[in-house]
Amino acid sequence: MKFLFSIFVLLSFCCNQPHSTVEDISFKDSVVRRYLSLTDSIRPYDTNNYQHKILKAYMENDTAFFKKLNRDINIDTTFLRSWAEWDSCVNIPKLSDMAVDEAYRFTHSQSFCDFGQKITISRSGNIVNLQYIEFSNGDGHASTLEKPDGSIINIPPYCVIAKQFDKILSMKEWDELVRRVYAADYWMLASKGHINSTDGSFWQIEAYSNQRIHLVKRQCGCYSVFENIGRYFLQISGEKTMCSEFF
């Protein structure tokens, strides 16, 4: 009798579990549909972020979108593997992990240059801080750099920090940064853009503001309002790049 009762309990659990799972999925789908319906009815509403697009594609069973997403994931995975050592010596927290109100980070490298820069500007209340880091690219090949004065810099085959410092900025300088961010319509820019220059510099700007996180990266040798943000990072850092001046 106890054996039969145990079988009954087990069967009841097995039968009820899928039903519960189906109910959970149905409930989640209904909430997502309500969310998408709400965002479609609000104008303006930021539907440009990739997470929103993935949700919408999932609910609309957009196979073409997910095929493209899968290709992008493969490309990004390959890129991350091949560039894993590029900035491995730069150990800085994600913007969202910093104890600040807002923060922006500029990452830059030039074609035919073995150095890159990461500049972070953050605000906590009325205190604005800039952190500058310049590092040699860890591409696995040793090289040399001849400076304008004729001196030679030996560059190791691995990532090494060449220069690093922090300095306090004024609120006026912070306001100018934010002005340039909005002048470039940064928050509405797609994270990835078309590569329109094979030898162009690499520009990446990350942002953390009002609990929002956004990242935009471009490879371009032309002047644009987006690059205007990065140029301002270098301008207020007071530093020139190791290889050349490009203002």
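Index from 1, following the sequence. Values below: all heavy atoms of this structure, side chains included; hydrogens, waters and symmetry mates excluded.
Taking CG of Leu69 as the reference point, atom CD1 of Ile54 lies at 5.0 Å (rounded to 0.5 Å). Rounding to the nearest 0.5 Å gives a distance of 6.0 Å between NE2 of His108 and CD of Gln117. Here the straight-line distance linking atom CD1 of Ile73 with atom CZ of Arg71 works out to 11.5 Å at 0.5 Å rounding. The distance from the CG atom of Asn228 to the CZ atom of Arg180 is 4.5 Å, given to the nearest 0.5 Å. Note: Ile205 CD1 to Tyr232 OH = 13.0 Å, rounded to the nearest 0.5 Å. Residue Ser170 holds its OG atom at 11.0 Å from CG of Asn126, rounded to the nearest 0.5 Å.
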| Please walk me through it: do Lys217 and Phe202 pass side-chain contact (heavy atoms from CB on, under 4.5 Å)? | CA-CA 7 Å; Lys217 54 185 175 182; Phe202 173 76; 4.2 Å; yes

| message | Assess the residue pair Val128 and Ser122 against the criterion (side-chain contact (heavy atoms from CB on, under 4.5 Å)); give the C-alpha distance rounded to whole Å, side-chain angles, the decisive distance to 0.1 Å, and a yes or no. | response | CA-CA 6 Å; Val128 181; Ser122 59; over 6 Å; no

| request: Show your reasoning for whether side-chain contact (heavy atoms from CB on, under 4.5 Å) applies to Phe165 and Leu130. | output: CA-CA 8 Å; Phe165 64 84; Leu130 178 146; 4.2 Å; yes

| Going through the checks in order, is the side-chain contact (heavy atoms from CB on, under 4.5 Å) test met by Lys118 and Ile92? | CA-CA 10 Å; Lys118 284 183 181 288; Ile92 50 179; 3.9 Å; yes

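For Phe226, there are no ring pair (Phe, Tyr, Trp, His ring centres under 6.0 Å) partners at least two apart in sequence or on another chain. Legend: residues meeting salt bridge (charged side-chain N to carboxylate O under 4.0 Å, His left out) with Arg179, ordered by chain and number and at least two apart, are Glu176. Applying the side-chain contact (heavy atoms from CB on, under 4.5 Å) rule to Asp185 yields the partners Met188; only residues at least two apart in sequence or on another chain are considered. By the side-chain contact (heavy atoms from CB on, under 4.5 Å) test, Ser209 pairs with Glu102, Tyr104, Trp187, sequence neighbours left out. When the side-chain contact (heavy atoms from CB on, under 4.5 Å) test is applied to Arg34, no partner is found at least two apart in sequence or on another chain. Asp166 meets the side-chain hydrogen bond (donor to acceptor under 3.5 Å, both in side chains) test with Asn129; sequence neighbours excluded. For Thr120, the side-chain hydrogen bond (donor to acceptor under 3.5 Å, both in side chains) partners two or more places apart in sequence, or in a different chain, are Arg105. Residues forming a side-chain contact (heavy atoms from CB on, under 4.5 Å) with Ile127 (at least two apart in sequence, or on another chain): Ile168. Under the salt bridge (charged side-chain N to carboxylate O under 4.0 Å, His left out) criterion, Glu173 pairs with no residue at all, not counting sequence neighbours. Judged as a salt bridge (charged side-chain N to carboxylate O under 4.0 Å, His left out), and not counting sequence neighbours, the contacts of Asp101 are Arg123.
In this structure, the side chains of Ile236 and Ile121 come closer than 4.5 Å at one or more pairs of heavy atoms. Between Phe135 and Lys163, the closest side-chain pair of non-hydrogen atoms is not below 4.5 Å. Annotation: side chain of Glu239 is in contact with side chain of Tyr132 (closest heavy-atom distance under 4.5 Å). Annotation: side chain of Ile133 is not in contact with side chain of Ile119 (no heavy-atom distance under 4.5 Å). Contact of the Arg218 side chain with the Leu189 side chain is registered, since non-hydrogen atoms from C-beta on lie closer than 4.5 Å.
A distance-only check finds no donor-acceptor pair linking the side chain of Ser136 to the backbone of Phe115 [under 3.5 Å].
Residue-environment remark: NZ (Lys167) exceeds the threshold of 12 foreign heavy atoms within 6.0 Å.
Cluster partners of Leu95 are Met98, Val100, Tyr208, Ile213, counting Ile, Leu, Val, Met, Phe, Trp and Tyr whose side-chain heavy atoms approach within less than 4.5 Å, directly or via other members.
His214 has its ring centre less than 6.0 Å from the ring centre of Tyr186.
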Donor-acceptor contacts, no H, no angles, side chain residues 58-66, under 3.5 Å, sequence neighbours left out:
{"residue": "Asp62", "atom": "OD1", "partner": "Ala64", "partner atom": "N", "Å": "3.4"}
{"residue": "Asp62", "atom": "OD1", "partner": "Phe65", "partner atom": "N", "Å": "3.1"}

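Nearest heavy-atom pair, Asp97 versus Pro93, reported as atom, atom and distance to 0.1 Å: CB-CB, 4.4 Å.
Follow the hydrophobic side-chain contacts under 4.5 Å out from Phe233 and you reach Met171 in the same cluster.
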